[in-house]
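Written out below as structure tokens is the structure these notes cover.
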Amino acid sequence: MNLATNTLVIGHELEETAAALFSAIQVGLHGAQSETYEAIVPRLVARGANIVLAFTVMPSNRAELADVLALSRALGVRGIRFIPLAAEG
């Protein structure tokens, strides 16, 4: 079973449970500057969680692509998904 989250609902008390329960945890982010996931993701990785970052590429954040790649390496995640923003309608 997989989990897709922005990590806001995973506090210290749920880290071990989430790392053990889910075969993969996808963490969505909108840029390379967030203290929330920078604090939680390394702890999940340390607990053995299989983390993949999901980054929606938009005009407002595309200049951060290199920073997001560097962040994913620094956090020790398994991978990163780049999702292009698509216009609907």
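The residues of the chain are indexed from 1 along the displayed sequence.
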Once side-chain hydrogen bond (donor to acceptor under 3.5 Å, both in side chains) is applied, do any residues pair with Ser23, and if so which ones, sequence neighbours excluded?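 Here the qualifying residues are Asn2.
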Give a yes or no on whether [X] and [Y] share a hydrophobic cluster (residues Ile, Leu, Val, Met, Phe, Trp, Tyr; joining criterion: side-chain heavy atoms under 4.5 Å apart).
X	Y	result
Val52	Met1	no
Ile83	Val41	no
Ile40	Leu21	yes
Phe82	Ile25	yes

Give every donor-acceptor pair under 3.5 Å between a side-chain atom in residues 73-81 and any protein atom, sequence neighbours left out.
| from | atom 1 | to | atom 2 | distance (Å) |
| --- | --- | --- | --- | --- |
| Arg78 | NE | Asn50 | OD1 | 2.5 |
| Arg81 | NH1 | Gln26 | OE1 | 2.8 |

Can you name the closest pair of heavy atoms from Glu15 and Leu44 and give their distance?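 Of all heavy-atom pairs spanning Glu15 and Leu44, the closest is O-CD2, 3.6 Å.
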Closest non-hydrogen atom pair, Ser72 against Leu53: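 Here Ser72 and Leu53 meet closest at CB-CD1, 3.8 Å.
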I'd like to check Val27 versus Ile51 (side-chain heavy atoms, cut-off strictly below 4.5 Å). Are they in contact?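 Yes, at least one pair of side-chain atoms sits under 4.5 Å.
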Tell me, do Phe55 and Asn61 make a side-chain contact under 4.5 Å, heavy atoms counted?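 Sidechains of Asn61 and Phe55: in contact.
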So, taking the atom named CD in Glu64 and the one named CE in Met58, what distance separates them when rounded to the nearest 0.5 Å? 9.0 Å
CZ/Arg47 to OG1/Thr17 distance, rounded to the nearest 0.5 angstrom? 8.5 Å
